[in-house]
Amino acid sequence: MTNDGQAHSGRAHLWTVDAVLGLSLALMAFTVAQAALPTPPAHTRPAAPAVIQALAQAAPVAPAPALIAFSAPLPGRTVGSPFGRRQLPWEENGRLHAGVDIAANAGQSILASADGVVVRVADDAGYGHFVEVKHAQGLTTLYGHMSRSLAGVVPGAAVKAGAPLGLVGSTGSSTGSHLHFEIRDAQERPMNPEMFLGRQFATSADLPLSAALKLPKGTRMAFVSNIPASKRAMMDARLNPTMAATRTRPLSQANINMIEASLSGSGVVVSQPGQRPHVRFNPVFPPEQPLAPRSDPTL
């Protein structure tokens, strides 16, 4: 290449450099000028691209922690005897059934319904072997008729929801294996457990305390699988005084009709196998006896 050609190539290169520098300077000047302009009001700014908006809306938001959440102490089992007034076959009037009865096979694990601290593990004539756990807002849960509680479940032990507390049994005033489960408020008043199970509450204002204290209307006739010997005479006397005094004689059809009419819808069946008076009760859950006043230790 000649010297003239080299000079031409050099000048072309300088022009290219000058052009690039000039464009860069111009962009810088425009950027500085734009930055110096006042920020337009929010309502006049251009909307963010749809993709950015979608990402912003899809951004995960950490849920607020629940104050307390209640799960089933026997998952998969249903309540067989609900909260409310209940009358036993040998009683003149109904009385409060302070919790719910949940049927289960003996030996099945009973789980803590919510996070809390064990406050009592004891034996009672009515509730049998039981565990009581204290939770947020002074609420307590009670698990009755256990065959036994598990090692480590002692007063002062912290438990998480779902932690095993003991095994289903039939201790205390019970005629079959099941769990008697209660929830009480800070004043020791029994509440309807079915208004809490399977729900979580973010604040104390969310707790259905007032509603859960209300008793369902009416008195439900209890079904029992076994009639204690000490109660059978009482039951016979209430159903039919004549039958109680002349138990070896067959019931008259009039007496049978009277008893069946008085127990309509209660599940009681009256018959005369072998020409002897007989009253058969469909299997259900046992009565509960009131627990002595509780005195929780300081946590």
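Between the His178 side chain and the Gly176 main chain, a donor and an acceptor come within less than 3.5 Å of each other.
Defined by atom type and a distance below 3.5 Å, a donor-acceptor pair is missing between the side-chain atoms of Arg86 and Thr219.
Every side chain to side chain donor-acceptor pair (under 3.5 Å) that Thr203 has, sequence neighbours left out, goes to Asp206. Partners of Arg77 under the side chain to side chain donor-acceptor pair (under 3.5 Å) rule, at least two apart in sequence or in another chain, are Gln108. In this view, Phe181 and Tyr143 satisfy the ring-ring contact (aromatic ring centres under 6.0 Å, His included) rule, not counting sequence neighbours. Residues passing the side-chain contact (heavy atoms from CB on, under 4.5 Å) test with Ala69, sequence neighbours excluded: Gln200. Residues forming a side-chain contact (heavy atoms from CB on, under 4.5 Å) with Leu111 (at least two apart in sequence, or on another chain): Pro75, Ser109, Pro164. Shown here are the side chain to side chain donor-acceptor pair (under 3.5 Å) partners of Ser170, two or more places apart in sequence or in another chain: Ser174. For Arg85, the salt bridge (charged side-chain N to carboxylate O under 4.0 Å, His left out) criterion is met by no residue, not counting sequence neighbours. Among residues two or more places apart in sequence or in another chain, the side-chain contact (heavy atoms from CB on, under 4.5 Å) test is passed with Asn192 by Phe83, Glu194, Met195.
For residues 144-159, the set of pairs meeting the salt bridge (charged side-chain N to carboxylate O under 4.0 Å, His left out) definition, not counting sequence neighbours, is empty. Sorted by first and then second residue, the side-chain hydrogen bond (donor to acceptor under 3.5 Å, both in side chains) pairs with a member in residues 149-168 read Asp115-Lys160, His129-Ser149; sequence neighbours excluded. For residues 65-74, there are no side-chain hydrogen bond (donor to acceptor under 3.5 Å, both in side chains) pairs, not counting sequence neighbours.
Between Pro190 and Ala98 the shortest heavy-atom distance is CB-O, 3.6 Å.
Using a 4.5 Å cut-off on side-chain heavy atoms (C-beta onward), Arg220 and Pro82 make contact.
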